[in-house]
Structures are given as structure tokens and as C-alpha cells.
Amino acid sequence: MILKDKIAVIYGAGGGIGGAVARAFAREGAKVFLTGRRRTTIEAVAKDIVSASGIAEAAEVDALDEAAIDKHLQFVIGKAGRVDISFNAIGIHDANALSGAPLVELNAAHFSEPITALGMSYFLTARLAARLMIPNKSGVIKRELSTDVEQALHVDFQSFEREAARCGDVAIC
């Protein structure tokens with residue numbers, strides 16, 4: 001179990017990719033703290049993990065709300081003492097706003113909103129996790145922006161160790 005006793009926070013854990021990553025991390029021994037905007041989907045993933053003898057806790061957290069992210073990370077620190085892994089798997093915010101609309105009716109704001117949301121979410125979750133990891137001189141921050149689900153579902157646990165060795169004590173990948 002390569003992640004035995006590691007503490008992982010997964011953003012977007014209610015989605016297909018985030019849920020699969022959460023289950024894989026738990027199978028490998030991590031205690032997972034699941035977050036997302038829809039409590040019912042996050043709780044379903046947590047229930048799957050617990051029924052497979054894993055350890056999981058679910059919380060409704062908007063990964064675009066800095067105060068909510070910080071509050072949740074402080075909760076994790078209070079319960080687990082540290083954060084070893086921060087994994088951002090949020091989906092494209094309001095992607096349906098673009099589907100079906102004629103191109104000539106779209107403006108720059110329609111186009112940039114999903115890109116801005118993804119970037120801001122990653123920035124906030126990474127920065128706040130790094131603040132907790134740096135004093136411990138340990139941790140990995142990772143994001144998944146792939147739309148190729150099969151590729152994303154293959155979690156390469158060895159990459160965490162390689163990235164930590166390459167990037168120093170706190171790896172941001």
C-alpha cells in the first residue's frame with residue numbers, strides 16, 4: 001500500500017475522475033477527505049470507500065471559494081494533523097453554458113469563464129495546501145485537467161514519489 005497513512009484531500013471527488021482517484025487513493029491506504037459542490041455525490045463516494053474498508057470523510061466545499069477551502073483544510077489539520085496530498089479534479093464550471101449556443105452568440109466572457117474557473121480553483125487549492133505542507137517539508141499537490149477519462153483513471157502512484165524527488169520536499173505537479 002503505497003499511500004498507507006497518507007492524508008489526501010480531493011477536490012471534485014463527486015465527479016467520475018475525482019471519485020475514481022479517491023477510491024484508488026483509499027485502496028492504497030490513504031485517509032481521504034472528499035470535497036465537492038454536491039454533497040450527495042461526495043457522500044456516495046465516501047460510502048463506497050468506507051464499505052471497502054477505507055477511511056473517507058465528505059464535505060461540501062466550493063473549490064472557487066478561498067475561505068471555504070481554508071476552513072476545510074483547517075478541519076483536516078484538526079482531524080488528521082497534516083495534509084500529504086492535495087488533488088484537484090474539479091470539472092469545467094458551468095460547461096453547459098457553452099453547449100448548443102451558436103458561435104456568433106458567444107462572447108469572450110463565455111469562452112474564458114470555464115478556463116478562469118479551472119485556473120482559479122487550482123491556484124487556490126494549491127496555494128492553501130502548500131502553506132500547510134511547506135512547514136512539514138512534505139507533500140504533493142496535483143491537478144487533473146484531462147478530459148480523457150481512461151487516462152485520468154490510471155493513477156500512477158509512483159509519479160508522486162518521482163515528482164517529490166524532482167521538485168523537492170513539496171511537489172507541485
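For the numbers below, each heavy atom of this structure counts, side chains included, while hydrogens, waters and symmetry mates do not.
For R39, the side-chain hydrogen bond (donor to acceptor under 3.5 Å, both in side chains) criterion is met by E43, not counting sequence neighbours. For T41, there are no side-chain hydrogen bond (donor to acceptor under 3.5 Å, both in side chains) partners two or more places apart in sequence or in a different chain. In this structure I77 satisfies the side-chain contact (heavy atoms from CB on, under 4.5 Å) test together with V83, L132, sequence neighbours excluded. Remark: A22 pairs with I10, L34, V45, I49 by the side-chain contact (heavy atoms from CB on, under 4.5 Å) rule, at least two apart or across chains. Looking at residues two or more places apart in sequence or on another chain, you find no salt bridge (charged side-chain N to carboxylate O under 4.0 Å, His left out) involving K47. By the side-chain hydrogen bond (donor to acceptor under 3.5 Å, both in side chains) test, Q74 pairs with no residue at all, sequence neighbours left out.
Within the 4.5 Å cutoff, no side-chain heavy atoms of I85 are placed close to those of I7. With contacts defined as side-chain heavy-atom distances shorter than 4.5 Å, the pair F33/L73 does not qualify. Two residues are said to be in side-chain contact when any heavy atoms from C-beta on lie closer than 4.5 Å; D5 and K31 fail this criterion.
Residue pairs meeting the salt bridge (Lys or Arg N to Asp or Glu O under 4.0 Å) criterion with at least one member in residues 122-131, sequence neighbours excluded: E66-R127. Pairs passing the salt bridge (Lys or Arg N to Asp or Glu O under 4.0 Å) check and including a residue from residues 67-78, sequence neighbours excluded, do not occur. For residues 6-25, the pairs satisfying side-chain hydrogen bond (donor to acceptor under 3.5 Å, both in side chains) are R23-D48, with sequence neighbours left out. Residue pairs meeting the salt bridge (Lys or Arg N to Asp or Glu O under 4.0 Å) criterion with at least one member in residues 81-90, sequence neighbours excluded: R82-D84.
From L118, atom CG reaches atom CD1 of I90 across 5.0 Å, with rounding to the nearest 0.5 Å. With rounding to the nearest 0.5 Å, the separation of OG1 in T125 from CD1 in I69 is 6.0 Å. The distance from atom CZ of F123 to atom CG of L128, rounded to the nearest 0.5 Å, is 8.5 Å. In this structure, D65 CG and S121 OG are separated by 11.0 Å, a value rounded to the nearest 0.5 Å.
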Distance-only criterion, 3.5 Å: show the donor-acceptor pairs between side-chain atoms of residues 54-64 and protein atoms not counting sequence neighbours.
residue	atom	partner	partner atom	Å
E57	OE2	K79	NZ	2.9
D62	OD1	L64	N	2.9

- [ ] Decide side chain to side chain contact (heavy atoms under 4.5 Å, CB included) for H72 and V9; before the verdict, give the C-alpha distance in whole Å, the side-chain angles of both, and the deciding distance to 0.1 Å.
- [x] CA-CA 9 Å; H72 181 257; V9 178; 4.1 Å; yes
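The minimum heavy-atom distance linking G18 with A89 is given by the pair CA-CB, 3.7 Å.
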